[in-house]
Each structure stands twice: as structure tokens, then as C-alpha cells.
Amino acid sequence: EAAVTQSPRNKVTVTGGNVTLSCRQTNSHNYMYWYRQDTGHGLRLIHYSYGAGNLQIGDVPDGYKATRTTQEDFFLLLELASPSQTSLYFCASSGGLGSSAETLYFGSGTRLTVL
Amino acid sequence: GDSVTQTEGQVALSEEDFLTIHCNYSASGYPTLFWYVQYPGEGPQLLFRASRDKEKGSSRGFEATYDKGTTSFHLRKASVQESDSAVYYCALSDPNSNNRIFFGDGTQLVVKP
């Protein structure tokens, strides 16, 4: 069974704070993704990566950095957090193009509150 | 660009009602289409997928048929249960878009006993 683990589950910070969200997958997948989920907007792609050291920009990248240190680990960084970044964040992985490899496997989410 | 449109933001039904959630898509290539389901407190999970025209995907009593002519992939279930209450996302993967997955805005299904 594919596994994607996010940490922490909940995080509270203040405006201007520095936050790192972590994601590890044990699926041997090439692709990893960071999404944010907000009421009325569904899932919006922030950044994604197709391998260690690679980074691709998604649809809502402003205010976020990301880094893929290994095939397993993908981090989302908020260096100057703002209240508009209060959201539920999901990490996901997939094998890539072709057949069932396109299926996304999601973690359980990190709820971030910026005061 | 690629996009997915779900018409219904929220659907409220009673148990044993018939469900339809509409999904239409726009893609430059020949996409694979998905339905994901998200239960409270969890991440989305794949319900089923379809890769070619006229292919029917199905799981747990839900089904949808890939229709290239009308660019649709509507989700249907003949008789919903309270346990089906969740958020449902239609999505596509376009081989012309570098393996990006495009999601609709989601439909909140509430089933009353």
C-alpha cells in the first residue's frame, strides 16, 4: 500500500514566521506534489517535483518555496508566513505518466494557521 | 489551458436517492480522467479512473463513463448511503502537460438518513 506521511498534523505560527512542512513517501514514486485546500477553491497546486533536486512551479507558488532533497522527501517552506496562507496542505506522490502510475496518493494533511 | 469544471458545489440528498455530479473537462491532449473522494479528516483517495473514450470506471457503486464527444465524466450512483457523505473531485491528467493533474473545485455530498 502506497504511503505518504506529512508532519506536523497541525501548526500555528504568527505573521512573519518561518514554517517548514514535511512530506515523506515510501512508494518509490518519482513525482511529488504540494497542494493547498481552501473552501470554494478545491485543491490548488503550489509546487511539484519529478525527482531529487527538481522543482516545478504550480498554480499558486507565491510566498512558497519547496525543496526535494531525496526521492522520498519533499518540503514546503513559508519564510514569511501571512494570514492568507492559513489553509489545509496536502502532499501527494505518483509514479508519473502511464497506466496506474498517474494515480495520486495523498497524505493526511497539515492544517496551518497563521495568526 | 487544461481545466475541469464541476457544476455542483454542494449536493444534499436523502438515503436511497440517485446521485449525479457533473464534470466537464478541457484538455489539449487525450487525458486520463479520475474521480477522487475525500472523507472528513483524510486526504483524497482514488475512486476510479478511465483512460479512453466510452470506458466506464466504477467502484463502490459509483460509476462514470468517459465521453470525448461531450468532454464529460459525470459521476452517478443509483442509491446513496449516509456513508457516502464526502467531497468528490473530478480530475484529469494530460500527457501534454508534464504529468500535472488538474482538479475541479470539488462537490460536497451530504446524505441525510
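Below, chain A is the first sequence line, B the second, and so on; all start at residue 1.
- Only the side chain of Gln56(A) comes within less than 4.5 Å of a heavy atom in chain B; its backbone stays farther off.
- Note that the CD atom of Glu42(B) and the CZ atom of Phe106(A) stand 13.0 Å from one another [nearest 0.5 Å].
- Neither Val87(B) nor Trp35(B) shares a network with the other; the hydrophobic side chains, linked directly or stepwise wherever heavy atoms of I, L, V, M, F, W or Y lie under 4.5 Å apart, form separate groups for each.
- Side chain of Tyr36(B) to backbone of Leu104(A): a donor-acceptor contact under 3.5 angstrom is found.
- No more than 12 heavy atoms of other residues, nucleotides or ligands sit less than 6.0 Å from atom CD of Glu16(B).
- Contact count versus chain B (heavy atoms, under 4.5 Å) is highest, among Arg44(A), Arg111(A), Gln37(A), His41(A), for Gln37(A).
- Both Val4(B) and Val11(B) are assigned to one and the same hydrophobic cluster, defined by single-linkage of ILVMFWY side chains at heavy-atom distances under 4.5 Å.
- Across Arg49(B) and Thr103(A), no two heavy atoms sit closer than the pair NH1-OG1, 3.6 Å.
- Rounding to the nearest 0.5 Å gives a distance of 11.5 Å between CG of Asp105(B) and OG1 of Thr39(A).
- No part of Gln6(B) comes within reach of chain A, as not one of its non-hydrogen atoms sits under 4.5 angstrom from that chain.
- More than 12 heavy atoms of other residues, nucleotides or ligands shown are found within 6.0 angstrom of CZ on Phe48(B).
- Cluster annotation: Tyr48(A) and Phe75(A) are assigned to distinct hydrophobic clusters (Ile/Leu/Val/Met/Phe/Trp/Tyr, side-chain heavy-atom contacts under 4.5 Å, transitive).
- At a threshold of 4.5 Å between non-hydrogen side-chain atoms, the residues Leu45(A) and Phe102(B) do not count as touching.
- When hydrophobic clusters are built by joining Ile, Leu, Val, Met, Phe, Trp and Tyr residues whose side-chain heavy atoms come closer than 4.5 Å, directly or via intermediates, Tyr31(A) is grouped together with Phe103(B).
- Dense packing is recorded around NZ of Lys54(B), with more than 12 heavy atoms of other residues, nucleotides or ligands lying under 6.0 Å away.
- Contact between Thr32(B) and Glu102(A) at its shortest, heavy atoms only, is OG1-OE1, 3.3 Å.
- Of all heavy-atom pairs between Ile101(B) and Tyr35(A), the closest is O-OH, 3.8 Å.
- Contact count versus chain A (heavy atoms, under 4.5 Å) is highest, among Gly43(B), Pro44(B), Gly106(B), for Pro44(B).
- There is no path of hydrophobic side-chain contacts, each under 4.5 Å, that joins Leu77(A) to Met32(A).
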